[in-house]
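These numbers were taken from a predicted model, which means no experiment stands behind them. Read the numbers this way: they start at 1 and go in the same order the structure lists the ligands and their atoms.
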Amino acid sequence: MLKVFRNYSLHKHNTFRIKVSAKFYAAPETLHELIEILQNHNKPEQKLLILGEGSNILLTSNFQGLVIRPDIRGIEILDKTVDYVLVKTGAGENWDDFVVYCINNGFVGVENLSWIPGSVGACPVQNIGAYGAEVKNVIDSVTGIMTDSLKQITFNRDECDFRYRDSVFKRELKGKFIITSVVFKLCRNPVFNTGYGKLQDEFTGNKKTDLQSMRHAVIQIRKNKLPDPDKFGSAGSFFKNPVINKTKLKLLKSDYPRIPAYPANQREVKVAAGWLIEKAGWAGKRTGDAGVYNKQALILLNYGSATGQQIKELAERIIISVNKKFGIDLQTEVNII
Ligand code: FAD
Ligand code: EPU
């Protein structure tokens, strides 16, 4: 019988390093164990939190309910042709270990997403992305279980309704569907995506492009940009880059000609939230142990003993200040619990 822990510390289960606990905690390693937990311990009147590696959540208080950490492992090749391979991966696998597995086997498509923290099970939730790639481009299907009916469902890529840092799992199915495995369709031909500004710089001239050098370049860029996880708690970008219409951008440009913006679709552009926050004067600011990273203002930091509430309050002050200066509403990327 799977062990359900009581008053379990979540300190080591969230990358913000917030010191809170869960009333109940279980980490099922098989579908059978997951069903057992849902049948015996998930009650309609009790709160439920599905937890991966806690790298995109902010816990603001002790969780007075059940935390389920699906720890179902395994990597299995379902099909292989000369052009592509279908790989089924358990939700509990670490995302970057999976990237390394793909690189070692010559499977192309996830190398730009190297060094993103978290689990495979969470990667479809916010459609993880970096350096010109999004995981939706390599997802074939997502399988999981409904927390109430225990029905097992597979969603194909279209049904996941992937968007920028968003999917059906972060909206309609939030907290109602536990992802147990993901099937990836990866390419077997060496076609690389080096279009993203900083990545392009790494491969100018005759520098060899292969899976290993792509991963190496991405990791170097990330090391220079992101805070050292051993020193500071964070959850990566705290806010999404806002999408505004072109007319709004034109107006903003008359006051701020250097505002960084990239096409989102025909009518809209994506603006760099880090730039907006920096220009609103927040880079490097700190109140107690809650602060804004000086090298990348989109990242909020826990310097040691900040509470989730203090980080949340800092985020709220940033939202108000950016709105006042630019008339833009920042949306949080991190899941606030
Ligand atoms: P958690 O934080 O545990 O959970 C995130 C959400 O997914 C929660 O709502 C949770 O309920 C839900 N969830 C988790 N597992 C499941 C499951 N099996 N079934 C259903 N729902 C589930 N993200 C990017 O996109 N690009 C980046 O470049 C990037 N860089 C980062 C850098 C740093 C330093 C950090 C700390 C984070 C970064 N992130 C980035 C955010 C984070 O890595 C991703 O969002 C990651 O996918 C979260 O995985 P997790 O397992 O930690 O999820
Ligand atoms: N910028 C500033 N000041 C800052 C931060 C950024 O001026 O403090 C400017 C940069 O100079 C650059 C632009 O903003 O011109 C974009 O910056 P960067 O390349 O660092 O990317 P980002 O838009 O800030 C996004 C993702 C990251 C992802 C990187 C690389 C979001 C919310 N964030 O950041 O994802 O790793 O691009 O692709 O889309 C995450 O989601 O947690 C995350 C880290």
Side-chain angles (χ1 to χ4, degrees), residues 10 13-17 34 48-59 67-72 90-96 112-135 142-145 147 164-167 169-170 173-182 196-199 218 221-229 232-243 258-262 270-280 282-284 292-301 330-337:
L10 296 175
H13 293 272
N14 73 98
T15 58
F16 255 125
R17 301 270 177 270
L34 177 58
L48 173 68
L49 172 64
I50 308 158
L51 186 64
E53 296 185 20
S55 62
N56 204 30
I57 56 163
L58 177 67
L59 296 156
V67 171
I68 296 183
R69 155 73 172 122
D71 204 11
I72 300 165
E93 292 288 343
N94 171 265
W95 169 259
D96 198 50
N112 292 40
L113 305 176
S114 286
W115 238 47
I116 295 182
S119 59
V120 165
C123 80
V125 176
Q126 73 152 4
N127 177 25
I128 56 170
Y131 309 104
E134 283 185 315
V135 78
V142 174
T143 295
I145 184 165
T147 55
Y164 163 62
R165 294 296 190 276
D166 201 16
S167 75
F169 311 110
K170 201 171 174 178
L173 292 176
K174 192 180 172 93
K176 296 179 184 159
F177 183 74
I178 301 185
I179 295 167
T180 51
S181 65
V182 180
Y196 192 90
K198 277 235 173 312
L199 208 49
V218 167
I221 298 169
R222 292 184 73 90
K223 277 192 173 164
N224 288 330
K225 275 263 167 176
L226 297 166
D228 181 346
F232 310 104
S234 96
S237 302
F238 198 90
F239 304 97
K240 294 185 196 179
N241 285 324
V243 175
R258 296 168 71 89
I259 186 168
Y262 317 91
K270 203 189 270 180
V271 177
W275 186 92
L276 299 175
I277 297 168
E278 186 186 311
K279 291 296 170 269
W282 287 97
V292 181
Y293 190 37
N294 59 351
K295 287 210 252 168
Q296 175 34 299
L298 198 45
I299 298 178
L300 303 191
L301 299 178
L330 292 180
Q331 309 287 325
T332 55
E333 179 197 290
V334 169
N335 301 276
I336 299 175
I337 315 286

Check your understanding: For atom NZ of Lys176, is the number of surrounding heavy atoms from other residues, nucleotides or ligands below 6.0 Å larger than 12?
Key -> no
For the residue pair [X] and [Y], establish whether any side-chain heavy-atom pair is separated by less than 4.5 Å.
X	Y	answer
Leu276	Ile259	yes
Thr332	Phe238	yes
Trp95	Glu53	no
Ile50	Val125	no
Asn335	Lys170	yes
Leu330	Pro242	yes

Revision key, fill the gap. By chain and number, the residues contacting ligand 2 below 4.0 angstrom (heavy atoms only) are Ala130, Tyr131, Tyr164, Arg165, Tyr196, Arg222, Lys225, Gly236, Ser237, Phe239, Lys240, Asn241, Tyr262, Ala272, Gly274, Trp275, Glu278, Gln296, Ala297, Leu298, Glu333
**Study point:** Test item: Ser234 side-chain N/O and Gly236 main-chain N/O as donor-acceptor pair under 3.5 Å
**Key:** yes
Check your understanding: Taking the six-membered ring for Trp, are Phe232 and Tyr293 parallel (under 30°), tilted (30 to 60°) or perpendicular (over 60°)?
Key -> tilted
Study note, to complete from the structure: Near ligand 1 (heavy atom, under 4.0 angstrom), the protein residues are Thr15, Ile50, Leu51, Gly52, Glu53, Gly54, Ser55, Asn56, Ile57, Pro70, Ile116, Pro117, Gly118, Ser119, Gly121, Ala122, Val125, Gln126, Ile128, Gly129, Ala130, Arg165, Phe177, Ile178, Ile179, Arg222, Ser234, Ala235, Gly236, Asn335
